[in-house]
2 protein chains.
Amino acid sequence: MSAANDQQDIKREKILEASHQRFLHYGYSKTTMNEIAGDLSMSKALLYYYFPDKSELYMAVMRKLASDYLKHLQDKFGHFDDLRDAFLFQVNTHHDFIVNNYNFFDYFRLNEQNLPDTIWETVGHIRNAEIKLLANAIQSETEKGNIAPITNPIEVVEVFLDALHGIKVGGALPQKKLNFPHREDLEEIHNKRLLLIDIFVKGLR
Amino acid sequence: MSAANDQQDIKREKILEASHQRFLHYGYSKTTMNEIAGDLSMSKALLYYYFPDKSELYMAVMRKLASDYLKHLQDKFGHFDDLRDAFLFQVNTHHDFIVNNYNFFDYFRLNEQNLPDTIWETVGHIRNAEIKLLANAIQSETEKGNIAPITNPIEVVEVFLDALHGIKVGGALPQKKLNFPHREDLEEIHNKRLLLIDIFVKGLR
DNA sequence: GTCCTGACTTTTTTAACAAAAATATCAAAT
DNA sequence: ATTTGATATTTTTGTTAAAAAAGTCAGGAC
């Protein structure tokens, strides 16, 4: 039974990998269950034996990505020189994550409305984890006496994350005001975010 | 001829007012040229005598709103106690503007893609004016010695505006991640923006 | 000549429907 | 417990027709 479950888990992993590749290269709507099954030389029906439906399969891949992403963050958090370093690591990690998985998120871009509820659970989970990490960093810096005490660190972090979120294409080219930035704009966005960090840390004074 | 133009301008104003009311209450797609003409007891054809088409009529209303909005900003700018007051006035004015004209902007919400180019000219115009005002405020504060010199004030203001833009529904309720916030969230957004101003001005230290 | 309209044409939206493609299920085989 | 071919169901796509709205124009009134 234990071995059987091992086998099952291995197969689930294989399916997840194949799905990830398809979703990453072609996006959600342009990959079919037949294609994923074909990549694995298995029947489409078998996919439904391991995963209830297509969107749950997608969500499973997404949870795996999220898990890896958060693990990467958490590994490094806890020992930073200062608050700026913590913010910087967060922004850089996030940037790399988006760049590396850009096409995967076409599901967000295109479907926009009527997404499965589970997607927001995962998004919320990531966000909460990020908030916790950054709030801890602030707390830690406060205790070390490096920054002035803050009434509500969580609220500050929320504003920080929202502000980061807002920095997506603006400036001279507002016509590109899409919910999701174009790939070629990712670098400019990243640079603006670095500036935001400086302002947050130092303030305008 | 001059009198004739006066008459023409008055009638254009009347059309603009009636259109504004319709767009404000029912949004762009749910108001018809026939209805606007009906409100004014004139023929639809006459509307086309004064305005080339529906979207230009809409844009004319929008330019009027934008003009009033900027006038309100500019009147007060130039004599503020400090940078915080300037940012505060900007955010408050913007908030009132959105609250008072909420439904008017359904055109943005719904059409999203394929909007007329002129809309982005106006949006860009507003943004540039805001940038200029705020950058001047920074410049002025710098010269008074109230804040440390800033390499590129315009870039800072751009980040500020983008960050404000980003603060639209986030937090615990990410499922409402629409491009345009729901009406009931406007107050919460406004409060977060006030916090952002504090952080920008004081910094986390 | 400027302002205005009714009647008209053109374009866009909507609904209904069928065909195709994709998702999802299941009885039976291993 | 796993796997599949066959089949059922749902979603997408394309077509068409009718309705509604946008937009035009010849001509009337002042």
(request) Decide if the gap between the ring center of B:H72 and the ring center of B:F89 is smaller than 6.0 angstrom. (result)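 Yes: the rings meet the under 6.0 Å criterion.
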[X] [atom1] to [N] [atom2]: how many Å, rounded?
| X | N | atom1 | atom2 | value |
| --- | --- | --- | --- | --- |
| B:Y49 | C:dT5 | OH | C1' | 13 Å |
| B:L46 | C:dT2 | CG | P | 15 Å |
| B:I15 | C:dC4 | CD1 | C1' | 11 Å |
| B:D9 | C:dC3 | CG | P | 10 Å |
| B:N34 | C:dT12 | CG | C1' | 15 Å |
| A:K44 | D:dT9 | NZ | C1' | 11 Å |
| B:Q8 | C:dC4 | CD | C1' | 13 Å |
| A:M33 | D:dT3 | CE | P | 15 Å |

(request) Report yes if at least one side-chain N or O of A:K11 is closer than 4.0 Å to OP1 or OP2 of D:dT3; otherwise report no. (result)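 Answer is yes, contact under 4.0 Å.
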(message) When you measure from the side-chain N and O atoms of B:Y48 to the phosphate of D:dT24, is any distance below 4.0 Å, counting only OP1 and OP2?
(response)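 So the side-chain polar atoms of B:Y48 never come under 4.0 Å of the phosphate oxygens OP1 or OP2 of D:dT24.
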Is it true that [X] and [Y] make a salt bridge, defined as a side-chain N closer than 4.0 Å to a carboxylate O?
| X | Y | result |
| --- | --- | --- |
| A:E188 | A:R193 | no |
| B:D162 | B:R127 | yes |
| A:E141 | A:R84 | no |

(request) Report which part of the nucleic acid A:S43 touches: base, sugar-phosphate, or nothing (heavy-atom distance under 4.0 Å, all strands). (result)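 Here A:S43 touches the bases of the nucleic acid.
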(request) Find out whether the Lys NZ or Arg CZ of A:K54 is both under 6.0 angstrom from the six-membered ring centre of A:Y28 and within 45° of the ring's axis. (result)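 Here A:K54 passes the 6.0 Å and 45° test against A:Y28.
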(request) List in numerical order all residues of residues 50-63 of chain B for which some heavy atom is under 4.0 Å away from an atom belonging to DNA chain C. (result)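 Those residues are B:Y50.
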(message) Pair A:R22, A:E17 - check salt bridge (charged side-chain N to carboxylate O under 4.0 Å, His left out), show working.
(response) CA-CA 9 Å; A:R22 279 281 170 186; A:E17 278 172 39; over 6 Å; no
(request) Step through the shown structure and confirm whether more than 12 heavy atoms of other residues, nucleotides or ligands are within 6.0 Å of CZ on B:F77. (result)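 Correct, the count exceeds 12.
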